[in-house]
Amino acid sequence: MRIAFYAPLKPPTHATPSGDRRVARLLMDALERAGQRIELVSTFRSFDRDGDLARQQALRVQGESYAQRLIAQWRHAAPELRPELWFTYHLYYKAPDWLGPAVAEALGIPYVIAEASYAPKRGGGPWDLGHDATADAVRRAALVICPSRADIAGLKLLTDESRLLHLPPFLDTAPYRDEMKNRTANRTRLAREHNLDPEAPWIVVAAMMREGDKLASYRSLAASLARLADIPWHLLIAGDGVARLQVEKLLPGARFFGTLDHRSLAQVYAASDLSAWPAVNEAYGMALLEAQAAGVPVVSSATRGVPEVVLDGRTGLLAPAGDEAAFTERLRTLLVDPGRRRSLGRQAADFVAAERSLDAAAQTLHRALTAARA
């Protein structure tokens, strides 16, 4: 099947690393592994951060213009060059889809969405234009794929439940599995390069550094770690961003690795003992899934989609959302118990390999898209 792929919030080719870019690429990889032919048809971003109505209206005009160009292009193309399905990844009130619904309707092809969110409380606010457009897109969709069950309740207000598919976050486990086998060598090298005590527990964090929820998570993490000064540990941070100086001030003893490619990041994960992230308002946390794929247990918070990524008591420990004391207590529990860390880490790697792999997602997507097209 030929699939037109589009991500209105951030295209998978965007220069700035993020969870959004990562998931978009993973979806494309899974679709290709399922035997589909994928074309990224636009890099147009409809995102408005500030609630600026004039900007939103201009983006709508621009998006509608792009849609008409695509329609004209494909109407005059040979049948074998036209898409048979449109696939939009991640739309919500700040980043609506001005392209997909129009193109799919004009060409008579199914319109599919992955990761949409809808909340009636957004109606009438500064992003009302995008809120209404997102609602309209969900109503038109033949299939809405939901990585988090937390989004399903809102989406059920707009479409029949039979059109909703829960597909939890997934990833390509190969690089993490490979580096797990090289844990000793990776740990020895990193200890030497970054002056780390290999006998102390290593806590790994992989997150961008920007204002808002990410910086709030770093602040919460710093507050918890300050309460754990009586026991040994090292903090390893992979990531970068405009708030890096603030993060460095919050966590002056950490080792900062900057932005790493997937293989290098997998090496840091595999060399570490646990991953800790408060996950303030986190959608689900791809970094938490990556850590587990490398056999690293996670301490996080039971917020939004995180409990679908970290299985409390099986692959890590979750604190109630916003409970800093409980988060600190769970972090201490694993820091002082290497046997439990190893047990949770083994179960984490098994869980991701069995249930959250690229192959498993490809099979689910193939079945769902075949049905949607029919």
Side-chain angles (χ1 to χ4, degrees), residues 183 187 190 194 196-209 213-239 247-257 265 268-282 284-349 351-352:
R183 171 181 163 80
R187 192 174 179 93
L190 290 171
H194 298 277
L196 297 164
D197 179 2
E199 301 304 317
W202 294 4
I203 305 168
V204 61
V205 167
M208 294 301 294
M209 301 173 188
D213 295 331
K214 295 296 186 190
L215 188 55
S217 287
Y218 276 113
R219 287 197 181 102
S220 180
L221 178 64
S224 289
L225 291 175
R227 298 188 181 100
L228 298 171
D230 59 307
I231 55 177
W233 47 266
H234 290 300
L235 179 63
L236 286 60
I237 300 179
V247 174
E248 289 177 346
K249 289 179 181 178
L250 287 168
L251 298 160
R255 305 311 197 267
F256 290 88
F257 290 77
L265 182 56
V268 175
Y269 280 133
S272 300
D273 298 286
L274 67 141
S275 173
W277 186 242
V280 174
N281 201 33
E282 195 86 47
Y284 38 80
M286 284 300 295
L288 306 181
L289 194 64
E290 291 171 345
Q292 293 174 100
V296 177
V298 171
V299 176
S300 191
S301 302
T303 183
R304 299 183 66 186
V306 172
E308 297 178 53
V309 171
V310 182
L311 307 185
D312 190 26
R314 177 180 161 193
T315 69
L317 301 179
L318 297 180
D323 191 336
E324 206 166 85
F327 179 89
T328 306
E329 179 268 328
R330 284 157 176 76
L331 189 50
R332 180 183 289 275
T333 295
L334 291 193
L335 284 171
V336 301
D337 192 341
R340 192 171 187 193
R341 289 199 307 265
R342 288 192 292 270
S343 175
L344 291 173
R346 286 192 295 269
Q347 294 181 78
F351 159 66
V352 178

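In what follows, every heavy atom counts, from backbone to side chain, and hydrogens, waters and symmetry copies are set aside.
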Any donor-acceptor pair under 3.5 Å linking the side chain of Arg304 with the backbone of Tyr284?
no
For the student: nearest non-hydrogen atoms of Tyr218 and Met208, plus distance
CE1-O, 3.4 Å
Contact between Leu331 and Trp233 at the side-chain level, heavy atoms closer than 4.5 Å - yes or no?
no
With a 4.0 Å cut-off on N to O distance, would you call Arg332 and Asp230 a salt bridge?
yes
List the steps and the verdict of side chain to side chain contact (heavy atoms under 4.5 Å, CB included) for Leu274 and Leu335.
CA-CA 8 Å; Leu274 67 141; Leu335 284 171; 3.7 Å; yes
Short side-chain donor-acceptor distance under 3.5 Å, Glu324 and Thr328
no
For Ala270 versus Ala294, what's the shortest heavy-atom pair and its separation?
N-CB, 4.0 Å
Using modelled atom types only, decide if a donor and an acceptor are shared between the side chain of Arg255 and the backbone of Gly253 within a distance under 3.5 Å.
yes
Give a yes or no on whether a salt bridge exists between Lys214 and Glu282, defined as a side-chain N under 4.0 angstrom from a carboxylate O.
yes
Do any N or O atoms from the side chain of Ser272 and from the backbone of Ile203 form a donor-acceptor pair under 3.5 angstrom?
no
Kindly give the heavy-atom pair with the smallest separation between Val296 and Ser275, and that separation in Å.
CG1-N, 3.5 Å
Starting from the C-alpha separation in whole Å, work towards a yes-or-no answer on side chain to side chain contact (heavy atoms under 4.5 Å, CB included) for Met209 and Ile237.
CA-CA 10 Å; Met209 301 173 188; Ile237 300 179; 3.6 Å; yes
Straight-line distance of Glu308 CD to Leu289 CG, nearest 0.5 Å
11.5 Å
In the structure I gave you, are the side-chain heavy atoms of Val299 and Val310 within less than 4.5 Å of one another anywhere?
no
Is the side chain of Ser217 donor-acceptor paired with the backbone N or O of Val280 at a distance under 3.5 Å, no angle test?
yes
Closest heavy-atom pair and its distance - Ser301, Pro278:
OG-O, 2.8 Å
Check Arg187, Arg342, His234 against Asp273 for a side chain to side chain donor-acceptor pair (under 3.5 Å) and give me the one that passes.
Arg187
Identify, with sequence neighbours excluded, every residue that meets side-chain contact (heavy atoms from CB on, under 4.5 Å) alongside Arg219.
Leu215, Gln246, Leu250
Checking Ser220 side chain against Ala216 main chain: does a donor-acceptor pair fall under 3.5 Å?
no
Between Asp337 and Thr333, the two heavy atoms sitting closest are CB-O, 3.3 Å
Using the side chain to side chain contact (heavy atoms under 4.5 Å, CB included) rule, take Leu251 and Leu235 through it: C-alpha gap first, then chi angles, then the decisive distance, then the call.
CA-CA 9 Å; Leu251 298 160; Leu235 179 63; 3.8 Å; yes
Short side-chain to backbone donor-acceptor contact, Arg314 and Ala348, under 3.5 Å:
no
Apply side-chain hydrogen bond (donor to acceptor under 3.5 Å, both in side chains) to Thr303 and list each qualifying residue two or more places apart in sequence or on a separate chain.
none
With a 4.5 Å heavy-atom cut-off, do Pro307 and Leu318 have their side chains touching?
yes
So do Gln292 and Tyr269 actually touch side chain to side chain, heavy atoms under 4.5 Å?
no
Quick one: closest heavy-atom pair of Leu344 and Pro297, and the distance?
CB-CB, 3.7 Å
Please examine the side chains of Trp277 and Phe327, heavy atoms only from C-beta on, and report whether any two atoms are closer than 4.5 Å.
no
Less than 4.5 Å apart, side chain to side chain, heavy atoms only: is that true for Glu248 and Phe256?
yes
Do Leu334 and Arg340 come within less than 4.5 Å of each other through their side chains, counting heavy atoms only?
yes
Is there side-chain contact between Phe257 and Val268, with at least one heavy-atom pair below 4.5 Å?
yes
Between CG of Leu288 and OG1 of Thr315, what distance do you get to the nearest 0.5 Å?
9.5 Å
